[in-house]
Structure formats: C-alpha cells, structure tokens
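Written out below as structure tokens is the structure these notes cover.
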Amino acid sequence: MKIATFNINGIKARYPALCDWLDESQPDVALLQEIKSVDENFPREMFEERGYNVETHGQKSFNGVAILSKLPLEDVTRGLPGDEADEQARWIEATVVGEAHAVRLCGLYLPNGNPCPGPKYDYKLAWMARMEARARALLAEEMPVVMAGDYNIIPQDEDAARPEAWKDDALARPESRAAYRRILNLGFTEAFRARVAGPDHYSFWDYQAGAWQRSDGIRIDHLLLSAQAADLLEECQIDKDIRAREKPSDHVPVWIELAA
C-alpha cells in the first residue's frame, strides 16, 4: 500500500501538476493539504476518473484537506476533536482497507503559528495538544495508524539547510519541537527518519529568493506511524524532483509503502 502526503498549495492552481504526479507515481492513497477549496468546488471528477475515491474537508480560500484513495474508505470523519469552535479545515480521518490490513489514516495540516509569540502561535500549540490527545486515543485502538501531512515543524536542525534562519520561527521554536516530540514519544515512528539518516533531505522550498535553486529547504512534511504500522513499513521517500517542474507547489510529496 503506497500512501503519500502532498501539500498542493491550492487545487485550482495545481491540479495539472497534481494529476501528472498521480499518473506517474500511482499512489494507492494521497493525503492532500491546502486544497483551498470548499467541498462542492473540489474537482473530484478528475480524480474519480483515475480510480480514486475522494473525501474532502474544505474551506474557502484557505487550508483544506482531502483523501484520494484507490482502496475502499470507511468511517470518514472531519475535524480534529477537542474544540467545537474551531472552524479551520485541517484534519480528516478514514480507514483504508488493504489486501492484508486496514489502516487508520489521518491527513493533517498543522497550523503555521507565525508570527510568534502571539495568538497564531497560541493556536498552534493548542492544536498540537488536541492532536496529542487524539493520537493517544488512536493508539488505544491497537491498529495500524498513519498520521501524515504538513506538520509545519522542523524537527531538528539537520532538517533545515540554514537552521540559524529558523531558530525564532514558529516551525522550529523549542515549544513547537517539544510538542512534536511529545506526540512521537507516545509510541510513533517518524517514517522518513526510520529509513534515511543525515542532512540535506527537504520537502519544502520557499518561492522567494531562489530557495529551490540554492537548495535552501526544510523538511516539514511527515508521516508518523503507530507501532502496528511501523511493523509494516517497507519504504519511505521524498519526490524531490517534483519541485523543479512547471508551476509547482512549494512542497513535494513524501510517501511510504506498507505491507498492507
């Protein structure tokens, strides 16, 4: 089962590039972030034509997450529990049924948190506390769980080409990293680091100041696996070259293969 996460930075601007990547990469499941579309305007037909079941949790002009799956989806839920007043579309869950295992998928778009300190950073940390609570509940179900998406977290200095430029940013502040580690330490495995060590592995390059051309990237798109999912992990890679194509997102896909 090939599962990918991809922040597409707007479905309207990015659907040709997204379709090209889907046709080439052929993921069984793609978890999308920043679709920037209400549900009724999402161009689901172009993905259904490719054999995907489509589930969205959209929002006008901002945020928005989606699941594209060639495999059956069950028990789809939308929104991160813990705050009834939160209207931001950042979390979608579903169970995907593979040949050998069912896997609980969580597609997420974690808040950026800048500028910090301030209300946006407070929201980020509160959202991460709610995510930690949801992660605990998912682990209690003792099934393969994959929490994948744009975490807006640079876990360690080696995950940035210029870590000093990010030290006061919400993506790398000590409080952000500590909240991320608390989730990991519940018993999750970060798929990419389970397979690949060392620096110079990035999933985001800003559009500004020639970041892609200068290899000035950061790694902020992650797949966290429960122990049951980690036991099934066969591969994890970043599709870096997608960033060099015409009208790209500022993120690239990250994907895993599970023996599911």
Side-chain angles (χ1 to χ4, degrees), residues 5-10 13-14 31-36 59 61-65 80 83 86 88-91 106-132 135 147-185 188 190-193 196-224 238-240 242-243 248-254:
T5 177
F6 193 1
N7 180 323
I8 58 171
N9 193 14
R14 225 65 64 193
L31 301 167
L32 308 179
Q33 303 89 47
E34 278 202 276
I35 62 173
K36 299 181 181 179
Q59 180 179 342
S61 303
F62 296 99
N63 306 326
V65 287
L80 180 63
D83 184 356
D86 187 1
Q88 297 193 29
R90 295 181 174 274
W91 184 274
C106 308
L108 64 103
Y109 176 43
L110 203 147
N112 178 285
N114 284 303
C116 64
K120 290 187 176 181
Y121 193 55
D122 295 342
Y123 174 70
K124 179 185 186 114
L125 295 180
W127 201 95
M128 294 185 77
R130 288 161 54 201
M131 181 178 170
E132 180 182 347
M147 298 194 304
D150 176 0
Y151 277 70
N152 271 315
I153 295 286
I154 303 168
Q156 303 178 85
D157 283 356
E158 69 177 357
D159 296 311
R162 295 184 301 120
E164 69 284 355
W166 297 90
K167 63 184 180 66
D168 295 322
D169 192 280
L171 278 63
R173 281 180 65 100
E175 302 93 332
S176 304
R177 288 178 167 178
Y180 178 76
R181 284 196 302 272
R182 282 195 295 273
I183 295 169
L184 266 182
N185 290 343
F188 286 90
E190 204 257 274
F192 187 76
R193 285 305 182 200
V196 182
D200 301 320
H201 301 287
Y202 310 125
S203 63
F204 171 92
W205 297 260
D206 200 298
Y207 291 127
Q208 306 300 316
W212 166 250
Q213 291 78 6
R214 296 186 295 110
S215 298
D216 184 13
I218 54 177
R219 195 176 67 88
I220 56 175
D221 301 271
H222 311 305
L223 298 101
L224 269 54
I238 299 173
D239 282 350
K240 176 182 177 180
I242 299 298
R243 184 63 175 80
S249 172
D250 41 10
H251 295 253
V252 295
V254 186

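Residue numbers run from 1 in the order of the sequence given.
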Should E190 and R219 count as an ion pair when the cut-off is N to O under 4.0 Å?
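Result for this pair is yes, salt bridge flagged.
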State plainly whether the residues E175 and K124 are in salt-bridge range, i.e. N to O under 4.0 Å.
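No salt bridge links E175 with K124.
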Within 45° of the axis and under 6.0 Å from the centre of the six-membered ring of Y121, does NZ or CZ of R173 qualify?
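Judged by the rule (NZ or CZ under 6.0 Å from the ring centre, within 45° of its axis), R173 counts as positioned above Y121.
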Y109 six-ring face occupied by R90 cation (under 6.0 Å, within 45°):
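Geometry flag: set, cation within 6.0 Å and 45°.
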Tell me whether [X] contacts the main-chain N or O of [Y] through its side chain, where contact means a donor paired with an acceptor under 3.5 Å.
X	Y	result
R193	V196	yes
E34	I8	no
T5	V254	no
K120	P115	no

For D157, which residues count as a salt bridge (charged side-chain N to carboxylate O under 4.0 Å, His left out) partner, sequence neighbours excluded?
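So D157 forms a salt bridge (charged side-chain N to carboxylate O under 4.0 Å, His left out) with R177.
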Using the ring of each side chain (for Trp, its six-membered ring), is W212 parallel, tilted or perpendicular to W205, with breaks at 30° and 60°?
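Ring orientation of W212 relative to W205: perpendicular.
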Could you check whether any side-chain heavy atom of I220 comes within less than 4.5 Å of a side-chain heavy atom of L171, counting everything from C-beta outward?
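When only atoms from C-beta onward are counted, L171 and I220 do touch, with a gap below 4.5 Å.
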Heavy-atom side-chain contact between S61 and K36 under 4.5 Å
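Answer no - side chains too far apart.
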Polar side chain donor-acceptor pair, [X] to [Y], under 3.5 angstrom:
X	Y	result
D221	S203	yes
D169	N114	yes
D216	Y202	no

Ring centres under 6.0 angstrom apart (F192, H201)
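Yes, close enough.
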Would you mind telling me which of Y180, F188, W127 makes a ring pair (Phe, Tyr, Trp, His ring centres under 6.0 Å) with Y151?
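Of Y180, F188, W127, ring pair (Phe, Tyr, Trp, His ring centres under 6.0 Å) with Y151 is met by Y180 alone.
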Look at atom OH of Y207 and say whether more than 12 heavy atoms of other residues, nucleotides or ligands are closer to it than 6.0 Å.
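Yes, the 6.0 Å shell around OH holds more than 12 heavy atoms from other groups.
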